[in-house]
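In the text below, chain A, chain B and the rest are named by the order of the sequence lines, each starting its count at 1. Basis for what follows: all heavy atoms, side chains included, without hydrogens, waters or symmetry-related copies.
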Amino acid sequence: MERRIRDFWEAEGVYKYDPDSGKPQFSVDTPPPYVSAAHLHVGHAMSYSQAEFLVRYKRMTGHEIFYPMGFDDNGLPTERFVEQTHKVNKKTISRADFRALCMEETAKGAVAYEEMWRDLGLSIDWRLRYSTIDEHCRRTSQLSFIDLYKKGEVVRSDDPVLWDTVYDTALAQADLEVMDRKGQLFDIAFRDPDGNDMVISTTRPELIPGCVALYHHPDDERYKPLAGKSASVPIFDYDVPLKTSEDVDPEFGTGLMMCCTFGDGEDVKKWRIDKLDTRLVIGRDGKMTALAGKYEGMDIGGARKAIVQDLDEAGFIRDQRRVDQAVSVGERSGQPVEFAMVPQWFIKVLDKKEQFLKRSAELNWFPEHMKIRLDQWIEGLKYDWNISRQRFYGVPFPVWYVQETGDVILADEADLPVDPTEDAPPQWAQEKYAGMTIVGEPDVMDTWMTSSVSAQINANWAGTQGRMGCDFPLSLRVQAFEIIRTWLFYSVVKSDLHAATLPWQQAMISGWGLNEQGKKISKRDLEKFTDENGYNRYDPHSVIREYGADALRYWAAGARLGSDLRYHEKDVKVGRKLVIKMWNVARLIEMYLEGYDRDAAKVPLADRAVEDRWVLSGLDKLIGDVTRGFEGYDYAIGREALDKYFWNTLCDNYLEIVKERLRKPEVFGETSQKAAQDTLVEVLRTVLALFAPYVPFITEELYQKFYAADEGGASLHKSSWPEKQGREDAVAGETMKSLLAVIEAWRFMRTRDKIPFSTGIDVLTVHLEGEVAHMKEAIEANADTLKSALRARSIKVDGGTGTETNRDGLTLSYTVVEE
RNA sequence: GGGCGUAUAGCUCAGUGGUAGAGCGCUACCUUGACAUGGUAGAAGUCCGUAGUUCGAUCCUACGUACGCCCA
């Protein structure tokens, strides 16, 4: 069924973006997932579904939808995937071959992804698809660089940069993660000029040969007498100055701090402020440099051990103890980062914290509390954004250097995209620097350089020929919370610098789908739990094959926006149950619609039975609830309200009550039958529309079956969102409360007395006294409702108490129809 | 150490300043002319703890505890 509906949508072009429709535009900046579809799990299906509920809602509320899909194909994850899959690394393979392999895996991944999203029923216009490595994105990305260069916001500098020794590349602050671990803290003695101990505490004794200064707090009386003096570095025997800094905590250890180039961001700061010496003792490869003397060539761990041993033997170690430490590691390599000094391109962000915070405040956050994550990230920024990566697969910098002069040559915008390692510089530059050596920049840009302009890519800011673009800024950004500091932050930076605006009006932040243990679903889960038939409960393809995309989507709608949701296969089964139930409800209605004339005038509301008015009243309220939910970017509210209405109000009660009316016009009258039919037709139509964003397949199927021909509408998903019809009816609600109490009492007794469903009641007497006396009028005035609901021939109301007592204080007595 | 979030039935989660909710699971019954991938009924909770505000707190406030995430 889903396959057929999917083909139908595609044949009809239901989700195609039409720039000329004249409708208000709703554009979505969706997260580009990266390569290798092998890691795809139901958590991904969840977050993409959640965004898509909104898209479908917006489409039905009359918006022209711009819903693209991107693929994040450049960057370290892709490279690493290729390195692992093909057992190569960038040192053993040529740049061109490596890029070719990346492109190949990228293409494979994209096919798998696209198939996945189509299966899931995402209403994407696939013509708007982009890949972050394609020509349009390279052009946009390079244009972004050139624009920022011209504005003076991107600069080349050889400041210390965060360095990943495993992947041999620079990193940005956002590429770091914190790893908590146990470390060894050593108290190590330096010597003042008089030969007295000056003890510092460090977890990194291997950096001692890189020590360039000792620091203490300016008010620390212990060290004031030593001001301006120097200290001697143990084993390495050279002198470093003694300096002061407000940042030193006098309470920590001895109040003396060693500053090396470079142990951490603090060292970098002091190095810059106090113009300290530079002694890089750890190389880009993670090995000790010549400055480390006899330790040269050792890896960090080995050098630490050797240096500690030598310090100990020479009597410089005063104490050592285990401590908890937080180490910055590369997000991809998981290894502690070091520092290196290599000329890199930086985007200046540190001087703009205030203006980014202002942008954060301008953005509409859903849920609201996600804003603080961005604010805190901005406040904690320590480095400008290094956008250079010493990798192969990425967007090249549109830049050449003149060796003789050091001049920077920028590509002409008309030539973009360029690859300076292959393409010649612009003609004017060749003429100007004739006879000199011009070298293309070999580094590639940080992958976020491209991802951060996804809004501009979608809006076709670069003006690529033949590409459709939406308005800028876009309406909505959708993403998970863990990339607020990267994707969201960098996007805000880019739009602020390029256009002095936000990239979108709203940001909707989703949570994660977790496994049963509440942990992130891992690749291991995907491998470990695959059975002999290839079925895996975490694999979206498996789940969709087994239960259908609607069922999986239904599960995804169970999490409040922004919260994580544990995945249990049984919850998908509940979704499957709903789909089947809808199918059966439709079948039932179809059955009772035999001979129904859709064009005939509807029975006026006032002439319909109380249950008709009640179910329509509930429908109006439901429309309000679901709509309110979506307006607040919360789909979970709507699903819950729909569930309740559909199962409880419609299936359990209304349908059960009206069956007899529909079946026996000779008893209840033809108007009564027609009224029930009118009501059912409308209720089903509205319920289908309200459920459409969540379970698009089954709702479309039923719409096509029952309504499409009549309405001349192509697709339910292009039809309009239901609006309240002013049918809310408190009186009917009150009356139905009484009637339902009788019905429930009867169900209770029927179960207790083991009366088969098929057995009708001859006479049912409701005994009313005390608190329930007020029900008399409701019951007498709506006897037909009860007759139909209970299959009773007659209903009587009596005072006193019957013999049969229900817990609600309502008492019934009855005689059954003898067969 | 700082911040954010979460804590409600066996499980996954809604919710409300006034008697506590759903689905799943469990128990019993029912093969009824939509549905056994079903239906009906039932059992099941110290709403994390303590103190405060209030006529009344699961909800508001403060403090604490546990867990998750982010940042040092």
Practice task
Could you tell me whether A/Y567 contacts a base, only the sugar-phosphate backbone, or nothing, with contacts defined as non-hydrogen atoms closer than 4.0 Å?
Solution key: nothing

Practice task
Find which nucleotide of RNA chain B each of A/Y592 and A/E177 is nearest to by heavy atoms, and output the residue with the more 5' nucleotide.
Solution key: A/Y592

Handout entry: A/S333 vs A/D164, side-chain hydrogen bond (donor to acceptor under 3.5 Å, both in side chains): CA-CA, chis, key distance, verdict
Key = CA-CA 7 Å; A/S333 68; A/D164 188 317; 2.8 Å; yes

Exercise for the section: With sequence neighbours excluded, tell me which residues meet side chain to side chain donor-acceptor pair (under 3.5 Å) with A/K269. Expected result: A/D247

Practice task
Calculate the interatomic distance between A/R566 atom CZ and B/rA14 atom C1'; express it in whole Å.
Solution key: 17 Å

Fill in the blank from the handout: Per the under-4.0 Å heavy-atom filter, residues of residues 652-661 of chain A near RNA chain B come out as A/D652, A/E656, A/K659

Practice task
Just jot down the salt bridge (Lys or Arg N to Asp or Glu O under 4.0 Å) partners of A/E701, sequence neighbours excluded, or say none.
Solution key: A/R4

Exercise for the section: Please work out whether the ring planes of A/Y567 and A/Y538 are parallel, tilted or perpendicular, with thresholds of 30° and 60°. Expected result: tilted

Practice task
In whole angstrom, give the distance that lies between atom CZ of A/F252 and atom P of B/rA72.
Solution key: 17 Å

Handout entry: Pairwise C1' distance for B/rG39 and B/rU31, with rounding to whole Å
Key = 10 Å

Practice task
Kindly write out the residues that satisfy ring pair (Phe, Tyr, Trp, His ring centres under 6.0 Å) with A/W614, not counting sequence neighbours, or none if the list is empty.
Solution key: none

Filtered N/O pairs between nucleotides 16-25 of chain B and protein, under 3.5 Å:
residue: B/rC24; atom: OP1; partner: A/K577; partner atom: NZ; Å: 2.2

Exercise for the section: Go through B/rA34, B/rA14, B/rA72 for me and flag the one nearest to the A/V585 side chain. Expected result: B/rA34

Practice task
When you get a sec, tell me which of B/rG68, B/rA72, B/rA41 is the closest nucleotide to the side chain of A/K519?
Solution key: B/rG68

Handout entry: Whole angstrom value for the distance that separates P of B/rG5 from CD1 of A/I372
Key = 7 Å

Exercise for the section: Check the distance between B/rC70's P and A/L176's CG and give it to me in whole angstrom. Expected result: 13 Å

Exercise for the section: Could you check whether the rings of A/F53 and A/Y694 sit parallel, tilted or perpendicular, using 30° and 60° as the cut-offs? Expected result: tilted

Exercise for the section: Establish, with yes or no, whether the OP1 or OP2 oxygen of B/rG15 is under 4.0 angstrom from a side-chain nitrogen or oxygen of A/R560. Expected result: yes

Fill in the blank from the handout: All stems that RNA chain B takes part in, i.e. 3 or more consecutive Watson-Crick or G-U pairs with distances under 3.5 Å, are B:1-7 with B:65-71, B:10-13 with B:21-24, B:26-30 with B:38-42, B:48-52 with B:60-64

Problem - Rounded interatomic separation in angstrom, taking NE2 from A/H568 and P from B/rC11 - result: 10 Å

Handout entry: Inter-nucleotide C1' distance (B/rG23, B/rC60), Å rounded
Key = 30 Å

Fill in the blank from the handout: Residues at least two apart in sequence or cross-chain that pass side-chain contact (heavy atoms from CB on, under 4.5 Å) with A/D324, listed by chain then number, are A/K182

Practice task
Taking atom C1' in both B/rU8 and B/rG49, compute the distance separating them and give it to the nearest angstrom.
Solution key: 15 Å

Problem - Nearest-neighbour nucleotide for the A/L565 side chain, B/rC11, B/rC13, B/rC4 considered - result: B/rC13

Handout entry: side-chain contact (heavy atoms from CB on, under 4.5 Å) involving A/H369 - partner list, sequence neighbours excluded
Key = A/P367

Problem - Whole-angstrom distance between B/rA62 and B/rC26, as gauged at atom C1' - result: 41 Å

Completion exercise
Note: for A/R791 and A/G558 on RNA chain B, the residue whose nearest nucleotide lies more 5' is A/G558

Practice task
Determine the interatomic distance between C1' on B/rG5 and the same-named atom on B/rA9; round to the nearest Å.
Solution key: 23 Å

Handout entry: For A/R373, all residues meeting side chain to side chain donor-acceptor pair (under 3.5 Å), sequence neighbours excluded
Key = none

Handout entry: Counterpart residues, side-chain contact (heavy atoms from CB on, under 4.5 Å), relative to A/S672 (two or more places apart)
Key = A/R661, A/F668

Practice task
Step by step, work out the salt bridge (charged side-chain N to carboxylate O under 4.0 Å, His left out) result for A/R587 and A/E590.
Solution key: CA-CA 5 Å; A/R587 235 169 65 175; A/E590 183 184 24; over 6 Å; no

Fill in the blank from the handout: A/M591 has its side chain closest, among B/rG33, B/rC69, B/rA14, to B/rG33

Handout entry: C1' gap between B/rU27 and B/rG33, integer Å
Key = 30 Å

Handout entry: A/W746 six-ring centre to A/R791 NZ/CZ under 6.0 Å and within 45° of normal
Key = no

Practice task
Could you note down all residue pairs passing salt bridge (Lys or Arg N to Asp or Glu O under 4.0 Å) where residues 627-637 of chain A supplies at least one of them, sequence neighbours left out?
Solution key: A/R560-A/D634, A/D625-A/R628

Problem - A/R747 CZ - B/rG42 C1' separation (whole Å) - result: 15 Å

Problem - Interatomic distance where CD belongs to A/Q517 and P belongs to B/rC67 [whole Å] - result: 17 Å

Exercise for the section: Using a heavy-atom cut-off of under 4.0 Å over every strand shown, decide if A/W647 touches base, sugar-phosphate, or nothing. Expected result: sugar-phosphate

Completion exercise
Checking B/rC13, B/rA72, B/rG38 against the side chain of A/K581 (C-beta onward), the nearest is B/rG38

Exercise for the section: Using the C1' atom on both, measure B/rA57 against B/rG17 and round to a whole Å. Expected result: 7 Å

Practice task
From the options B/rA34, B/rA41, B/rC11, select the nucleotide whose nearest atom is closest to the side chain of A/N584.
Solution key: B/rA34

Handout entry: Whole-Å gap separating P (B/rC4) and CD1 (A/I509)
Key = 18 Å

Exercise for the section: Name all residues meeting the side-chain contact (heavy atoms from CB on, under 4.5 Å) criterion together with A/E482; count only those two or more places apart in sequence or in a different chain, and write none if there are none. Expected result: A/A480, A/W512

Practice task
Counting heavy atoms from C-beta on, name the nucleotide in B/rG42, B/rG3, B/rA34 closest to the side chain of A/R663.
Solution key: B/rA34

Practice task
Report which part of the nucleic acid A/D249 touches: base, sugar-phosphate, or nothing (heavy-atom distance under 4.0 Å, all strands).
Solution key: nothing

Exercise for the section: For nucleotides B/rG10 and B/rG25, find the distance between their C1' atoms and express it as a whole number of Å. Expected result: 7 Å

Practice task
Could you please name the option among B/rU12, B/rA41, B/rG5 that lies closest to any side-chain atom of A/H369?
Solution key: B/rG5

